[in-house]
Every structure is written in structure tokens, then in C-alpha cells.
Amino acid sequence: MRNIVIIGATSSIAEHCARLWTKQGDVTLTLVGRDAQRTERVAADLLIRSNYAEIRVVITDFLSPSSIKATADQIAQKGVIDIILIAHGSLPDQHDCEQDLNKAHSALEVNAISPVLFAEAFADHLAKANHGTLAMIGSVAGDRGRKSNYIYGAAKGLVTRYAQGLQHRFHNSGVRIILIKPGPTDTPMTSQIKAAGARLAPVDQVASDIVKGIESGKPVIYTPAIWQLIMSIIRHLPATIFNRLNI
Amino acid sequence: MISVESWGRIGIYPHNIMHLTAPDQALSIVKNNHPGIAYGMGKSYGDACLNPGQLLWNTRGLDHFIHFDADNGRLTCEAGVLLRDIQQLFLPRGWCLPVTPGTQLITVGGAIANDVHGKNHHGFGSFCDQVLRIQLARTDGSIIECSRHSSPDMFAATAGGVGLTGVIITAELQLRHSPNLWLETETIPYYGLEEFFYLSDSSETEWEHTVSWIDCLSGTAAKGLFMRGRPARDYDKATQPRRSRNIPITPPLSLVNRLSLKPFNLTYYQLQKLRPVQRHEYYEDFLYPLDHLTNWNRLYGPKGFYQYQSVVPRDSGMATTQAMLDAIASSGEGSFLAVLKTFGQRQSIGMLGFPRPGVTLALDFPNNGDATKKLFERLDSIVRDAGGRIYLAKDARMSREMFEAGYPLLNEFTRYRDPGISSALSRRLMGS
Ligand SMILES: Cc1cc2nc3c(=O)[nH]c(=O)nc-3n(C[C@H](O)[C@H](O)[C@H](O)COP(=O)(O)OP(=O)(O)OC[C@H]3O[C@@H](n4cnc5c(N)ncnc54)[C@H](O)[C@@H]3O)c2cc1C
Ligand SMILES: NC(=O)c1ccc[n+]([C@@H]2O[C@H](COP(=O)([O-])OP(=O)(O)OC[C@H]3O[C@@H](n4cnc5c(N)ncnc54)[C@H](OP(=O)(O)O)[C@@H]3O)[C@@H](O)[C@H]2O)c1
């Protein structure tokens, strides 16, 4: 029986990954969220979809280093972990962040510091077991800073560098570190930009790419795959051209 | 604003969309943002789910199962769950929805709001017959729980109430034991309505599902194919998941037109006749034959198409149906998909519910403007004279008079409307 831990289990992307995992066979799922009612809603749904797999709900404070540490220790104690998916995040309004440092601050905390601390809290447990896959959801937005969302992009960029570091640390071990970079995806996080007419990838497709990617062990997963090409072009555009683009 | 269409694609209009993603969030959105109308999968053909220039509450994010009792088959879920997801999850565990329409790609909320019917109406009634409880969010911020026992009038108004009594947030459904994923089916050619009614009536006790396809262009002794199915006994086979195919673009002209229809109807008829009369079919192939052809509605071109679905009482059903077929044949408008089916002895529980004892005819027509409208008016008068009604899930054009004639409980229904909810259909047919 696989033991899977999801941090930010109410994220729509994570939830769709969990739905796929429950379809694949016997799993134990530990769902970590910040709000009991929202997390229980996801747990009840997965329980029915999985035909009554073992599902645990853990509620914690995502912004407190000591709570994060205690949560990781408590979960690791329950048994060897096969997969950890760190999924939480939020898309701030760039303009708001420019106007209000508190908003910039919380965007950086939720999208950069919190996921990194979770990963760091689990890293030692993975090292001890010399087993398991840790996957973090970054974003294509972390590949190059853009005026339309650079606070969020910077946070995701931090996750990118952090994941590289962990990959280095666990090179040649039984532990695998995977960074997932979704393009714009149809989830509650993007409902504003969807209402404005943006084209978004279906969340079940993105989740399926993630589940397959974690299986294959590829260190970096772009989903939908076309974003690898798009971001490669964007990363390589010379600043003189890039800075003139309205993106 | 985003362009939204319904299945008939008669008009594509800009809308404001708000996404309902969780029950508590839905309550506050509905309370703080109205007037609007719920939008599920937009599989209604007409304007029941549209609100041009105004607000739609998209319910697809309400897609969670809440509770399932494996002892008695009672399922509670959110209203944006697809019937397909219920079927695919529960069929292998021995349970299924008693009633599903000809597509499973619709939401539970949409199925309730049109009290949809399937091919087994004679045995199982319509969708709301399996609904035990509904939780509604109203725009005044209240939540109403209704069932046959508590607030039964609100329940009857909401069943088939085309979204106008509130936004359905959750529902409790009674599933039934599913005997087999495979059906034993028979296809029987018939000539003329007398044979059709004979086949229908004589199949009702032994066959769970009955439906027929009829060639409206074939004259007085109309040619048709009668199809019936029932859960197979002692048959099981592994299945490959079906690959779905997509119609990727809208052709500039309707591919369904006068030139293509007659040969199409003939060919379809001949092809079907060549297939073995008795077969085993996987439930998805028999019950939802078009679901693997994504966006088939695009075949009707940029002007879209109408579906005209009526039900008329049984006693005069043969003469009425014949009169309708004659009117179609003489108009030259044709119809690619013409479905003829009898309903059993059950009236919809809904005040505006469509199913009632009688015979229902459903016809697809490419939108040829005035010519199509004229034919519809001719059909309307036949249906009205027979004491029948037109299905709101399909309608985009009937007159207020025609609506009022077909739905005698309208006045009672109006009392249960949510004043903060309005759709293109409600303004067209009810004035607000
Ligand atoms: C190929 C095809 C075959 C079909 N076959 C049949 C058939 O055999 N029998 C049959 O009866 N119908 C049939 N239909 C029609 C279809 O079943 C109905 O139109 C159904 O209501 C569509 O559900 P939806 O989720 O797409 O809802 P929509 O079309 O988006 O909405 C339909 C109505 O439901 C309301 N609504 C949706 N969600 C909610 C909610 N949460 N709360 C309150 N109101 C809500 C909307 O406001 C609207 O009035 C068919 C349609 C297609 C495309
Ligand atoms: N959707 C996209 O287009 C897209 C693109 C690239 C990357 N991503 C990334 O994908 C991940 C999943 O996002 P999603 O699209 O699935 O979005 P989502 O459905 O909106 O989920 C967001 C998740 O983040 C949690 N969260 C938000 N703010 C939080 C806070 N302050 N503290 C703790 N948790 C918080 C939410 O918890 P609650 O339920 O408790 O609010 C929820 O679990 C995120 O890391 C996101 O940055 C998304």
C-alpha cells in the first residue's frame, strides 16, 4: 500500500492528483490543510471515490515553522512515505502587492517560504528512510520575472532554486525530488483571469501529467508539456526584446 | 464578459461568469451577486441556461461526493457532479443511477432542474423520482432543504424548475442495484406508427429501455427502427475505454441540410438494418451513443440548430404524431435525428416537469431562419390542440401562449421563484 502525503490538499490540482492515485490502487492518503471544514470536504470525496481507502486529515498552521516541523514529524512517525506533494499557493494581484507591502509579504510567505519549510521539514525523514519522492509545485511564472506578476514569480523562482539544491543533495540516493511547473490551469486560483477570458488547461489533464511525471521520476515537469518550449523561448529572449513585451 | 453558448448554438452571447467552487463560497456568491442563473454543462439546447449580458453561476466546481451509504445506495453529492462520474464510480460497485438521459455529460443540478428522462421512463419515471433531498441556496442568503416530506412544494417547484427557485448546492440521490454493465439489445425495423405503438406497448413489461428512430422524410408509413434493451444475464466481457473523437471546428455551412438528409437517413436505416438484430452492447454505447463524439453540435454550422421536443397524450398520440410527421415532410425541412418514444404512466413530480404519460417526439432541425420557425408554429398548433407540451430543456423559441397552454401549474410555480434569479428563458416565457 502506497503512503502519500499531500500538503495543501484542498488545492484543486492536488485534489485531482489524489483522485488519480486513489484510482490506481490501494493508498493511504494524509491530507494536510489549514481549514478543517475545507479539508474534510476533500477527504469525504476521496473516501467515496477510493472505495474507502485510508485517509487522514491533518490541520496545521502553514506559516509557522514550529507547526510545520511538528506536522512533518508526526506524519513521518506513522510510516515510510512514498510520495509527498507540496501544492499550496495563491496568486496575488501584482498591483496590490506593489501598493501594499503586507500583501507582497504574505504572497512571498505562502508561495515561497511555507512550501520550502515543509520540504525542509520532510527532507531529513526522507534521507533517513533513503526512500520516497518529494514533488513541489512551482510554476512557469518562476522561470523569468515579468512585470505582470513578479512577486508571485519571484516566490516560485525561489522554490525552483530550492528544489535544485535538494536535487543536488539527494543525487545518487533513494530519494527523488521533482519540481512541477504548471502553465495557467483551470482552478479556483485562476477564476478571476478565467472570467477575463484567459485560456486555461483543464485541471485533470495537468493532474494526470503530474501523476505520470512523478512515476517517471523526471526532475522537472512542465504541464501541459508545450510550456517547456514556450518558457525556453521566453527565458532566452534578450532583455532588450523581452522588456518591450507587454507580458 | 465571456462568450457562452448552449448546446443548440443558436446564439453565442457574452456573459459574466462566477465560479462556484465550494458550498459555503457558493452561498455567499449567490447572496452577494445577483440576478443570475445557474449554468451546469450547458447541454440544454435552448436558453434555459443563458443570461445574455448578465451573470451565470457556473456550478462545475461543486463536484464533490459527500456521503454514500453502501447499505441502501443513498448518495449525497454536490450539484456540479457529472452523471458520468457517478456511473463510472458506482457501476463497478453494483450501484447506478436509475434514470439518465441520452448523454451522461450533464450535472446533477441540470438533471434535477429539467427533471430529465431516459429510455426507461415506463419503469423508472424521470430523474427527480430518484431525488430524495435537495439543498437550495437562495439569493436572500437563506438555505432551503426540501424533499417530498419537508417543504414538498418547494421540492416540486425545484424539480424541473429550470434553475429559477434557487441554486441547488447538494442533493441526495437514491441509486439502484445495477445488474450488469452489458445490455442485451434488439433493433427492429418498423413501418408506420401502428407498428411503433405495438412494439412499444408489447416491450414495456420485458424490456427496461425502449426508444426508436424514425425517418421523418419517408412518407405515410414512416420507416423506423425500434430499439430495446435490458440488463444482460450471464454476459460479461472486458471493455476498452472508448476513444472520444472531436469535431474540432465549426464548418461554414451546416453539414446537415436538404441535400445530405435524405441519403443520410436512408443510409443510416440500411446500415442499422444490416447489423444483427440481437446484440450485446456496453451500457455507454447503448445509453449515451453520441457522447464519444465531442462537439457534434458543430456539424450544424455557425447558425446552430433547434431541437423540437414535444409530448402529447397517449389516446390521440398516433394521430397527433402522424400529423406532425406529415407537417415536417411537407415543409421539406427534414430532421436528422428524430426520436420517437412512449412515456409510461408517470407524471413528473415537478410543477414545470416535462414527462407525462404519452408519446414524445424529438426532432433536430438546422436553423434555416423563417422557414424553420414557420414549421415550428405549425407543429405548435398540432401539439397544443392535442393538449401536449414542449420540453423547456430543448426550447429556444416557443411563444408565451404555447408555454402557458402546456404548463397548467405555472401560476403555482411562480410563487416559489427566487426573485434574484432570471434567465433568457424565464424572461421570454414568464416575463421576468
Ligand atoms: C446529446 C444530448 C442528449 C440528451 N438527451 C436527453 C434525454 O434523453 N432526456 C432528457 O431529458 N434530456 C436530454 N438532453 C438534455 C439534457 O439532459 C438537459 O438539458 C440537462 O438539463 C442538461 O444539464 P446541464 O448540466 O448541462 O445543465 P445546463 O444545460 O447548464 O442547465 C440546464 C438548466 O438547469 C439549471 N441548473 C443547472 N445547474 C443547476 C443548479 N446547480 N441549481 C439550479 N439549477 C441548475 C440551469 O439554470 C438551466 O435552467 C440531452 C442533451 C444532449 C446534449
Ligand atoms: N492554477 C494555475 O494556473 C497554476 C499555475 C502554475 C502553478 N500553480 C500552482 O499550483 C499549486 C496549486 O494551485 P491550484 O491551482 O490548485 O489552486 P487552488 O485550487 O486555488 O488551491 C490553492 C491551495 O493553496 C492553499 N492556500 C492558499 N492560500 C494559503 C495560505 N495563505 N496558507 C495556506 N494555504 C493556502 C489553499 O488552501 P485553502 O483551501 O485552505 O484556501 C489551497 O489548498 C499552487 O502552488 C499554485 O501556485 C497553479
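Just so it is clear, the values below take in all heavy atoms, side chains as well, and ignore hydrogens, waters and symmetry mates. Source: prediction; values computed, not measured. Here is the naming used below: chain letters follow the sequence lines, and residue numbers restart at 1 for every chain.
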S.K.: Counting only heavy atoms not in R2(A) (residues, nucleotides, ligands), do more than 12 fall under 6.0 Å from its CZ?
M.R.: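 Yes - once you tally the heavy atoms of other residues, nucleotides and ligands closer than 6.0 Å, there are more than 12.
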S.K.: Please state whether the side chain, the backbone, both or neither of E15(A) comes within less than 4.5 Å of a heavy atom of chain B.
M.R.: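 For E15(A), side-chain heavy atoms alone lie under 4.5 Å from chain B.
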S.K.: Does CG in L245(A) sit with more than 12 non-hydrogen atoms of other residues, nucleotides or ligands closer than 6.0 Å?
M.R.: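 Yes.
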S.K.: Taking every non-hydrogen pair under 4.5 Å, which of Q192(A), R38(A), R19(A), E40(A) racks up the most with chain B?
M.R.: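 Going by pairs under 4.5 Å, I would pick R19(A).
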S.K.: Provide the closest heavy-atom pair for F68(B) versus Y52(A) in the form atom of the first, atom of the second, distance.
M.R.: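 That would be O-OH, 3.2 Å.
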S.K.: Could you look at K23(A) and say if it's the side chain, the backbone, both or neither that has a heavy atom under 4.5 Å from chain B?
M.R.: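 Contact with chain B involves no heavy atom of K23(A) at all.
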S.K.: Check each atom of D186(A) against the heavy atoms of chain B and say whether the ones under 4.5 Å are side chain, backbone, both or neither.
M.R.: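 For D186(A), no heavy atom lies under 4.5 Å from chain B.
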S.K.: Quick one: what part of M18(B) sits under 4.5 Å from any heavy atom of chain A, side chain, backbone, both or neither?
M.R.: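 Interface part for M18(B): neither.
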S.K.: Can you name the residues of residues 73-89 of chain B that have some heavy atom under 4.5 Å away from a heavy atom in chain A?
M.R.: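 Within residues 73-89 of chain B, the residues that come under 4.5 Å of chain A (heavy atoms only) are E78(B), L89(B).
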S.K.: What distance separates H64(B) NE2 from L46(A) CG, expressed to the nearest 0.5 Å?
M.R.: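 Going from the NE2 atom of H64(B) to the CG atom of L46(A) covers 7.5 Å.
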S.K.: Relative to chain B, which segment of Q37(A) carries a heavy atom at a distance below 4.5 Å: side chain, backbone, both, or neither?
M.R.: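 Answer is side chain: those atoms of Q37(A) sit under 4.5 Å from chain B.
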S.K.: Got P188(A) and Q25(B) here, is their nearest side-chain heavy-atom distance under 4.5 Å?
M.R.: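 No, their side chains stay 4.5 Å or more apart.
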S.K.: Looking only at heavy atoms, what is the nearest atom pair of D63(B) and H16(A), with distance?
M.R.: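 In this case the closest contact between D63(B) and H16(A) is OD2-NE2, 4.3 Å.
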S.K.: Side chains of F90(B) and I48(A): closer than 4.5 Å at any heavy-atom pair?
M.R.: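 When only atoms from C-beta onward are counted, I48(A) and F90(B) do touch, with a gap below 4.5 Å.
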S.K.: With only heavy atoms counted, which part of H19(B) is less than 4.5 Å from chain A, the side chain, the backbone, both or neither?
M.R.: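 Contact with chain A involves the side chain of H19(B) alone.
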S.K.: Which region of D24(B), side chain (C-beta onward) or backbone (N, CA, C, O), has a non-hydrogen atom less than 4.5 Å from a non-hydrogen atom of chain A, or is it both or neither?
M.R.: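 Contact with chain A involves the side chain of D24(B) alone.
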S.K.: With only heavy atoms counted, which part of S50(A) is less than 4.5 Å from chain B, the side chain, the backbone, both or neither?
M.R.: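 For S50(A), the backbone is the part near chain B, not the side chain.
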S.K.: Extract all donor-acceptor atom pairs below 3.5 Å that involve side chains of residues 82-92 of chain A and protein atoms in other chains or at least two apart in sequence.
M.R.:
| unit_1 | atom_1 | unit_2 | atom_2 | d |
| --- | --- | --- | --- | --- |
| D82(A) | OD1 | H131(A) | NE2 | 2.7 |
| D82(A) | OD2 | N3(A) | N | 2.7 |
| H88(A) | NE2 | S114(A) | OG | 2.8 |

